[in-house]
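Data first, discussion second: the structure below is written as C-alpha cells.
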Amino acid sequence: MARLPILTAPDPRLKAKAKPVERVDDGVRQLMDDMLETMYVAPGIGLAAPQVGVSKRVIVLDLAKEEEPRAPLKLANPEIVWVSDEDAVFEEGCLSVPEHYAEVARPAAVRIRYLDYENEIREIEASGLLATCLQHEIDHLDGVLFIDRLTALKRNIILRKLLKAKKAAVKEAASA
Ligand code: GNR
Ligand code: NI
C-alpha cells in the first residue's frame with residue numbers, strides 16, 4: 001500500500017468529472033487500498049479518487065470510531081438510485097478544503113448502487129453521517145466540493161483564504 005498526496009482547492013483537477021471504471025480489476029483494487037491508507041493517515045472518514053489526482057469514479061469511506069475495529073467501504077461507479085424527501089444538516093469538512101467547516105443540507109437518506117471490491121453490483125441504503133459522507137464523496141466524482149453548496153459569499157471567503165494559503169506555501173517552498 002502507498003500513501004498518495006491529497007490535492008487542495010483551488011485545483012482544476014477537483015472540478016473535473018471523473019470517468020467510470022470499466023471493471024474493478026487489480027489496478028482499481030490497488031487504488032482503493034492506497035486511498036484507504038491515505039484516508040486513515042490524513043485522517044478522514046471518506047476519500048474520492050479525484051482528491052488524489054485520479055480521475056476515476058472510486059470512493060472509500062470508514063466511519064468506525066477510533067476505538068472500534070476498522071469498517072472500510074470501497075465503492076466504484078457509485079450511483080444514487082433513491083433519496084429521501086427529508087433533508088438533514090451536518091457540519092462538513094473536506095481534506096481538499098483544509099481547516100474550513102460549514103453546515104450543508106442534503107437528503108437525510110440515500111440508496112446507492114455500486115461495484116464492490118469483487119466487481120459485483122451491490123446496493124446500500126444509508127442515513128445519518130454515512131448518507132452525508134456518501135453524497136459528499138459522489139459530489140467529488142462530479143467535480144463538486146461542499147463549498148459549492150454554500151452561498152457564493154461563504155464560498156468566496158473560503159476560496160480566497162485557500163488561495164492565500166497556497167500562495168504562502170509556494171513562497172515558503174521557494175525560500176527554503
Ligand atoms: O473527513 C471528512 N469528514 C467529513 C465530515 C462531514 C462530512 C463529510 C466529510 S468527508 C471528509 C473527508 C473528505 O474530504 N472526503 O472527501
Ligand atoms: Ni471531501
Side-chain angles (χ1 to χ4, degrees), residues 3-20 31 34-66 72-73 75 77-80 82-110 112 126-176:
R3 284 169 58 188
L4 309 165
I6 297 176
L7 305 177
T8 57
D11 188 305
R13 289 168 289 181
L14 294 171
K15 304 301 305 173
K17 195 171 163 73
K19 290 176 191 63
L31 172 64
D34 289 347
M35 285 170 59
L36 266 176
E37 184 182 348
T38 302
M39 184 194 81
Y40 286 131
V41 171
I45 58 175
L47 193 69
Q51 292 181 275
V52 292
V54 177
S55 186
K56 289 195 166 109
R57 301 188 78 82
V58 171
I59 64 175
V60 297
L61 306 95
D62 190 334
L63 272 71
K65 298 194 177 65
E66 227 178 294
L73 293 171
L75 294 75
N77 300 350
E79 274 178 74
I80 299 175
W82 171 83
V83 298
S84 60
D85 292 333
E86 196 193 338
D87 279 0
V89 174
F90 278 91
E91 169 137 293
E92 299 196 18
C94 181
L95 294 169
S96 298
V97 186
E99 293 167 50
H100 293 276
Y101 304 87
E103 288 191 333
V104 180
R106 301 180 184 270
V110 289
I112 310 274
S127 59
L129 183 59
L130 180 58
T132 280
C133 197
L134 282 163
Q135 292 173 81
H136 174 117
E137 302 315 335
I138 292 171
D139 265 358
H140 275 300
L141 304 182
D142 295 321
V144 175
L145 302 175
F146 82 91
I147 53 173
D148 296 319
R149 299 195 174 278
L150 307 178
T151 63
L153 179 66
K154 285 186 184 171
R155 175 169 58 253
N156 288 334
I157 289 170
I158 293 173
L159 275 174
R160 259 198 309 268
K161 287 180 181 165
L162 288 169
L163 192 58
K164 213 173 150 185
K166 243 187 195 186
K167 284 184 177 160
V170 169
K171 218 173 151 195
E172 171 65 26
S175 71

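Side-chain atoms are counted along with the backbone in the values below, which use heavy atoms only and exclude waters and symmetry mates. Along the sequence shown, residues are numbered consecutively beginning with 1.
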**Request:** Could you tell me the separation between the OG1 atom of Thr38 and the CD1 atom of Ile6, rounded to the nearest 0.5 Å?
**Result:** 6.0 Å
**Item:** Exercise: identify the closest heavy-atom pair between Asp87 and Ala105
**Value:** OD2-CB, 4.4 Å
**Request:** Evaluate the side-chain proximity of Met39 to Leu36: yes if any heavy-atom separation is below 4.5 Å, no if none is.
**Result:** yes
**Message:** Tell me whether Glu172 contacts the main-chain N or O of Ala168 through its side chain, where contact means a donor paired with an acceptor under 3.5 Å.
**Reply:** no
**Asked** With side chains defined as the heavy atoms from C-beta onward, is the minimum distance between Ile45 and Leu61 less than 4.5 Å?
**Response** no
**Asked** With side chains defined as the heavy atoms from C-beta onward, is the minimum distance between Leu162 and His100 less than 4.5 Å?
**Response** yes
**Item:** side-chain hydrogen bond (donor to acceptor under 3.5 Å, both in side chains) involving Arg106 - partner list, sequence neighbours excluded
**Value:** Glu92, Asp139
**Prompt:** What heavy-atom pair brings Tyr40 and Pro72 nearest, and what distance separates the two atoms?
**Reply:** OH-CB, 3.6 Å
**Asked** Looking at Leu129 and Phe90, what are the two nearest heavy atoms and their distance?
**Response** N-CZ, 3.5 Å
**Inter-residue atom distance Leu145.CG - Leu14.CG, 0.5 Å rounding** = 5.5 Å
**Asked** Does the side chain of Glu137 come within less than 4.5 Å of Leu141's, by heavy atoms?
**Response** no
**Prompt:** Does Lys166 reach the main-chain N or O of Pro10 with its side chain, forming a donor-acceptor pair under 3.5 Å?
**Reply:** yes
**Prompt:** Hey, are the side chains of Pro43 and Glu66 touching, using non-hydrogen atoms and a 4.5 Å cut-off?
**Reply:** no
**Message:** Just so I know, are the side chains of Leu130 and Leu73 near enough to count as touching, which here means a heavy-atom distance under 4.5 Å?
**Reply:** yes
**Message:** If I take atom CG from residue Leu163 and atom OG1 from residue Thr8, how far apart are they, to the nearest 0.5 angstrom?
**Reply:** 10.0 Å
**Prompt:** Donor-acceptor pair, Gln135 side chain versus Pro107 backbone, under 3.5 Å?
**Reply:** yes
**Message:** Once rounded to the nearest 0.5 Å, what's the spacing between atom NE2 of His140 and atom CZ of Phe146?
**Reply:** 9.0 Å
**Request:** Determine, stepwise, if the pair Asp34 / Arg3 fulfils side-chain contact (heavy atoms from CB on, under 4.5 Å).
**Result:** CA-CA 6 Å; Asp34 289 347; Arg3 284 169 58 188; over 6 Å; no
**Request:** Could you check Leu75 against Leu134 for side-chain contact (heavy atoms from CB on, under 4.5 Å), going step by step and ending with a plain yes or no?
**Result:** CA-CA 10 Å; Leu75 294 75; Leu134 282 163; 4.0 Å; yes
**Message:** For the CD atom on Glu99, are there more than 12 heavy atoms of other groups (residues, nucleotides or ligands in this structure) within a distance under 6.0 Å?
**Reply:** no
**Over all atoms of both residues, closest heavy-atom pair of Pro78 and Ile59** = CG-CD1, 4.0 Å
**Item:** Residue pair Ala18 / Pro50: nearest heavy atoms and the distance that separates them
**Value:** CB-CG, 4.1 Å
**Asked** If you round to the nearest 0.5 Å, how far is CG of Leu159 from CG of Asp148?
**Response** 7.5 Å
**Prompt:** Just by modelled atom types, is the Gln51 backbone N or O under 3.5 Å from a matching donor or acceptor in the Ser96 side chain?
**Reply:** no
**Request:** Check whether any side-chain heavy atom of Val144 lies under 4.5 Å from a side-chain heavy atom of Lys17, and answer yes or no.
**Result:** no
**Shortest non-hydrogen contact from Ala109 toward Ala131** = CA-CB, 4.2 Å
**Message:** Any side-chain to backbone donor/acceptor pair from Asp11 onto Arg13? Under 3.5 Å, distance only.
**Reply:** yes
**Message:** Quick check: do Leu150 and Ile158 have side-chain heavy atoms less than 4.5 Å from each other?
**Reply:** yes
**Over 12 foreign heavy atoms within 6.0 Å of NZ, Lys15** = yes
